[in-house]
Engineer: 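Questions regarding the structure given below will be posed in turn.
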Amino acid sequence: RTALAADFTDRTLPAGRAQGLPGPLAASRTMRAAIPDLHCEIEQMIVAGDRVVVHLRFRGHFTEVFGNTTGHGQAVDFIATDIYRIAAGRIAENWHIEDNLTLMRQLGVAN
C-alpha cells in the first residue's frame, strides 16, 4: 500500500480487477491467502528516468484455497515483468505481464 500512489493506475488491468489501489491490494490478498509463504525476488531491474522495469520471480507453496481448488503443498514458481512510472517516490502507473498459464497449471486450475 505504501509503495502505490493514491491515484495509482493499472494500465494493463486484468478483467475483473478493480482499477486504482483496490485492484493490486485485492490481488495480493488473494495470492497470499492461497500461498501463505509466497515470496518475490527481483531478478533484474532497470531504472531510466521516472521508469523502473523489474523482472520478478515468485515462489511458494500452494497450501490453502484458490477459487474452488485446494492446495496440497505443491511448489509454485512463476515470473512477472512490470514497468512502473514513479512519481513523488511512489508507483503512479503500472504496465505488467505475468506468466499466469504456468501459475494456473501449478495450482491445478489449468492443464
Engineer: What are the two closest heavy atoms between V65 and F62, and how far apart are they?
Structural biologist: C-CE1, 4.0 Å
Engineer: Kindly compute the distance separating CZ (F58) from CD (E41), expressed to the nearest 0.5 Å.
Structural biologist: 10.5 Å
Engineer: What's the separation between atom OG1 in T102 and atom CD1 in I79, rounded to the nearest 0.5 Å?
Structural biologist: 7.5 Å
Engineer: Answer yes or no: is there a side-chain heavy-atom contact under 4.5 Å between D82 and V53?
Structural biologist: no
Engineer: So do M45 and V52 actually touch side chain to side chain, heavy atoms under 4.5 Å?
Structural biologist: yes
Engineer: Going by salt bridge (Lys or Arg N to Asp or Glu O under 4.0 Å), name the residues that satisfy it together with D37, two or more places apart in sequence or in a different chain.
Structural biologist: none
Engineer: H55 side chain to T81 main-chain N or O, any donor-acceptor pair under 3.5 Å?
Structural biologist: no
Engineer: Counting only pairs under 3.5 Å, give me each side-chain donor-acceptor contact of residues 103-111, with atom names and distances, residues two or more places apart or in other chains.
Structural biologist:
| residue | atom | partner | partner atom | Å |
| --- | --- | --- | --- | --- |
| R105 | NE | N111 | O | 2.9 |
| R105 | NH2 | N111 | O | 3.4 |
| Q106 | OE1 | D77 | N | 2.8 |
| Q106 | NE2 | D77 | O | 3.0 |

Engineer: Would you give the length of the straight line joining atom NE2 of H72 to atom CD of E64, rounded to the nearest 0.5 angstrom?
Structural biologist: 11.5 Å
Engineer: Give a yes or no on whether F78 and I97 share a hydrophobic cluster (residues Ile, Leu, Val, Met, Phe, Trp, Tyr; joining criterion: side-chain heavy atoms under 4.5 Å apart).
Structural biologist: no
Engineer: Identify the two heavy atoms, one from A5 and one from A92, that lie closest to each other, and give their separation to 0.1 Å.
Structural biologist: CB-CA, 4.0 Å
Engineer: Rounded to the nearest 0.5 Å, what separation is found between the OH atom of Y84 and the CZ atom of R51?
Structural biologist: 13.5 Å
Engineer: In the structure I gave you, are the side-chain heavy atoms of P36 and T63 within less than 4.5 Å of one another anywhere?
Structural biologist: yes
Engineer: Looking only at atom types and distance, does a side-chain atom of Q19 sit under 3.5 Å from a main-chain N or O of T9, one as donor and one as acceptor?
Structural biologist: no
Engineer: Do I46 and I86 sit in one hydrophobic cluster, given that two such residues count as connected whenever their side-chain heavy atoms are within less than 4.5 Å of each other, even indirectly?
Structural biologist: no
Engineer: Going from CG on L4 to OG1 on T2, what distance comes out if it is rounded to the nearest 0.5 angstrom?
Structural biologist: 8.0 Å
Engineer: If you define the side chain from C-beta out and look only at heavy atoms, does anything of I91 sit under 4.5 Å from F8?
Structural biologist: yes
Engineer: Closest heavy-atom contact between A75 and H61?
Structural biologist: CA-CD2, 3.9 Å
Engineer: Show your working on side-chain contact (heavy atoms from CB on, under 4.5 Å) between I83 and R11 and close with a plain yes or no.
Structural biologist: CA-CA 10 Å; I83 302 170; R11 297 295 183 187; over 6 Å; no
Engineer: Roughly how far apart are L56 CG and I42 CD1, rounded to 0.5 Å?
Structural biologist: 6.5 Å
Engineer: Taking distance alone, no hydrogens or angles, what donor-acceptor pairs closer than 3.5 Å link side-chain atoms of residues 27-35 to residues at least two apart or in another chain?
Structural biologist:
| residue | atom | partner | partner atom | Å |
| --- | --- | --- | --- | --- |
| T30 | OG1 | A26 | O | 3.0 |
| R32 | NH1 | L38 | O | 2.6 |

